[in-house]
Chemist: 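Before I ask anything, here is the structure I am working with.
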2 protein chains.
Amino acid sequence: MDNQQLKLNNQICFPIYSVSRLITKAYKPFLEEMGLTYPQYLVLLVLWENDNIAMNKIGEKLLLNTNTLSPLIKRMEKMDLLQRKRSNKDERSVFIQLTEKGKKLKNTAIPIPEKLLNTLLTEDVTLTEIMLLKDTLNKWSDILLDRQNDK
Amino acid sequence: MDNQQLKLNNQICFPIYSVSRLITKAYKPFLEEMGLTYPQYLVLLVLWENDNIAMNKIGEKLLLNTNTLSPLIKRMEKMDLLQRKRSNKDERSVFIQLTEKGKKLKNTAIPIPEKLLNTLLTEDVTLTEIMLLKDTLNKWSDILLDRQNDK
DNA sequence: TACATTTGCATCGTGCGCGATTTAATTTTG
DNA sequence: CAAAATTAAATCGCGCACGATGCAAATGTA
């Protein structure tokens with residue numbers, strides 16, 4: 001009885017947890033130049049793609065609730081990256097708009113994904129493999145979301 | 001110029017980040033029964049495999065520094081899951097030993113990995129795919145660790 | 001043996017994540 | 001229309017993660 005299934009290296013949960021943290025760490029040097037944290041960078045990715053959207057829409061895309069987003073976005077407002085504005089049509093929602101500073105940061109961010117890819121790519125890790133992993137994880141994400149919404 | 005590479009769905013970082021959180025959330029109901037958080041569960045996985053080891057060895061396995069582990073393990077000591085003991089040979093190191101309560105919890109934990117697998121498995125996600133993903137992530141983990149230690 | 005360096009742990013501060021709860025605005029329903 | 005239910009934010013509390021710093025024990029070196 002050595003309970004193989006309880007061994008760290010046999011579990012799927014641990015590699016995902018650790019690679020996630022390692023990737024965040026890999027982003028760090030690039031994001032630090034811009035004065036951003038990783039979740040702040042994710043919010044900007046959403047806004048660069050779709051400016052002036054409601055806060056809950058950002059949460060839907062990043063799978064974050066308002067108890068995480070609300071203070072995060074307020075910090076970003078203090079950094080002059082974006083502005084929060086109550087909607088007139090629906091006084092409950094807050095719309096988020098990039099400031100000039102927030103818009104300009106996009107230019108600095110453009111080369112980051114490629115730089116990160118280069119950190120990862122070796123003779124052992126090919127672009128094909130990375131794409132495959134991405135697709136698998138996106139599928140998992142959908143499945144786990146379904147599971148958790150059903151309850 | 002629509003900067004495809006900056007779109008959320010084209011980045012590899014986001015799916016890993018979100019699946020990692022979704023998996024932690026999937027563990028939650030099982031861990032709550034045991035009164036554990038996810039990182040605490042990981043520490044127990046290490047100890048069940050290898051009791052009475054130094055704190056820094058736990059950190060090496062989980063890729064966590066003492067500034068995270070130290071308070072985490074103190075909380076677990078308060079919960080009577082383990083005991084901390086200074087080594088006689090080297091007064092700097094603290095050895096961690098499971099209590100009876102900590103050892104017994106292993107029996108409750110044994111069925112968890114399988115339950116979680118069942119949550120994930122569908123006609124779209126096969127065991128083969130999960131194993132493949134695990135191997136890929138373990139390889140990535142090694143590469144990212146090398147990269148970050150070289151600097 | 002003296003002194004510099006390394007190692008293991010602890011503490012502090014900041015920023016997430018997230019369950020739980022509150023408040024206010026809007027929508028649904030009888 | 002009025003009451004009930006839903007929705008969007010905000011706030012609170014707790015537990016990670018992690019960079020930075022400090023301290024004491026151990027190790028390396030001249």
Side-chain angles (χ1 to χ4, degrees), chain A residues 13-14 17-29 31-32 35-44 53-60 62-79 81 84-96 148 151, chain B residues 13-14 16-29 31-32 35-44 53-79 81 84-96 148 151:
Chain A
C13 62
F14 179 63
Y17 162 78
S18 53
V19 167
S20 172
R21 285 165 42 225
L22 287 169
I23 287 195
T24 306
K25 202 178 281 185
Y27 270 91
K28 196 141 217 171
L31 296 182
E32 247 164 17
L36 295 174
T37 66
Y38 183 69
Q40 286 166 7
Y41 168 69
L42 292 180
V43 168
L44 285 180
I53 58 172
M55 212 177 75
N56 63 338
K57 290 296 168 195
I58 300 180
E60 272 174 30
L62 299 181
L63 312 182
L64 290 170
N65 293 328
T66 53
N67 51 1
T68 299
L69 266 184
S70 205
L72 197 161
I73 283 186
K74 280 189 178 175
R75 276 188 290 272
M76 294 178 76
E77 191 179 32
K78 274 192 186 167
M79 296 160 73
L81 294 171
R84 292 157 6 96
K85 278 182 190 166
R86 285 273 162 195
S87 162
N88 292 329
K89 287 187 185 166
D90 187 338
E91 284 286 336
R92 290 171 306 179
S93 8
V94 170
F95 276 71
I96 311 296
Q148 292 175 10
K151 283 175 203 163
Chain B
C13 62
F14 179 63
I16 294 188
Y17 162 80
S18 53
V19 167
S20 171
R21 285 164 43 226
L22 287 169
I23 287 196
T24 306
K25 201 179 282 184
Y27 270 90
K28 195 140 217 172
L31 296 181
E32 247 165 16
L36 295 174
T37 66
Y38 182 70
Q40 286 166 6
Y41 169 69
L42 292 180
V43 168
L44 286 181
I53 57 172
M55 214 178 74
N56 62 339
K57 291 294 168 197
I58 301 181
E60 272 174 30
K61 285 174 195 285
L62 300 181
L63 312 183
L64 289 171
N65 293 326
T66 54
N67 51 2
T68 299
L69 266 184
S70 204
L72 196 161
I73 283 185
K74 279 190 178 177
R75 275 189 289 273
M76 293 178 76
E77 191 178 34
K78 273 192 187 165
M79 295 161 73
L81 295 171
R84 293 159 2 99
K85 278 183 190 165
R86 285 272 161 195
S87 163
N88 292 329
K89 286 187 187 167
D90 186 339
E91 284 287 335
R92 291 170 305 178
S93 18
V94 171
F95 276 73
I96 311 297
Q148 292 174 10
K151 286 177 202 164

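Computation of the quantities below employed the complete heavy-atom set of this structure, encompassing side-chain atoms and omitting hydrogens, waters and symmetry-equivalent molecules. In what follows, chains are A, B, ... by sequence order, proteins preceding strands, each numbered from 1.
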Chemist: Identify, between A:P39 and B:K57, the residue whose nearest nucleotide on DNA chain C lies closer to the 5' end.
Modeler: B:K57

Chemist: Looking for any heavy atom pair under 4.0 Å, which part of the strands does B:T37 touch: base, sugar-phosphate only, or nothing?
Modeler: sugar-phosphate

Chemist: Find the distance A:I58:CD1 to D:dA8:C1' and express it as a whole number of Å.
Modeler: 13 Å

Chemist: When you measure from the side-chain N and O atoms of A:K74 to the phosphate of D:dA9, is any distance below 4.0 Å, counting only OP1 and OP2?
Modeler: no

Chemist: Protein-nucleotides 18-25 of chain D N/O pairs closer than 3.5 Å?
Modeler:
unit_1, atom_1, unit_2, atom_2, d
D:dC18, OP2, A:R21, NE, 3.3
D:dC18, OP2, A:R21, NH2, 3.2
D:dG19, N7, B:N67, ND2, 2.6
D:dG19, O6, B:N67, ND2, 2.8
D:dA20, N6, B:N67, ND2, 3.4

Chemist: Return whichever of A:F95 or B:Y38 has its heavy-atom-nearest nucleotide of DNA chain D closer to the 5' end.
Modeler: A:F95

Chemist: Looking at D:dA9, I'd like to know if its phosphate oxygens (OP1 or OP2) sit under 4.0 Å from a side-chain N or O belonging to A:R84.
Modeler: no

Chemist: Just to be sure I understand the rule, does B:S93 reach a base, reach only the sugar-phosphate, or reach nothing, if contact means heavy atoms closer than 4.0 Å?
Modeler: sugar-phosphate

Chemist: Keeping A:R86 on the side-chain end and A:E91 on the backbone end, is there a donor-acceptor pair under 3.5 Å?
Modeler: yes

Chemist: Tell me: CG of B:N88 to P of D:dA26, nearest whole Å?
Modeler: 10 Å

Chemist: Below the 4.0 Å mark, does D:dA9 have OP1 or OP2 next to a side-chain nitrogen or oxygen of A:T66?
Modeler: no

Chemist: When we call it a touch if two heavy atoms are under 4.0 Å apart, what does B:Y17 touch: a base, just sugar-phosphate, or nothing?
Modeler: sugar-phosphate

Chemist: Using atom types as modelled and distance alone, determine if a side-chain donor or acceptor of B:N65 lies under 3.5 Å from a backbone N or O of B:N67.
Modeler: no

Chemist: Identify all side-chain donor-acceptor contacts of residues 16-25 of chain B below 3.5 Å with residues at least two apart in sequence or on another chain.
Modeler:
unit_1, atom_1, unit_2, atom_2, d
B:S18, OG, B:F14, O, 3.0
B:S18, OG, B:P15, O, 3.3
B:R21, NH1, A:L62, O, 3.3
B:R21, NH2, A:L63, O, 2.2
B:T24, OG1, B:S20, O, 2.9

Chemist: Identify all side-chain donor-acceptor contacts of residues 68-76 of chain B below 3.5 Å with residues at least two apart in sequence or on another chain.
Modeler:
none

Chemist: Whole angstroms only, please: what is the CZ-P distance between A:R86 and D:dA10?
Modeler: 5 Å

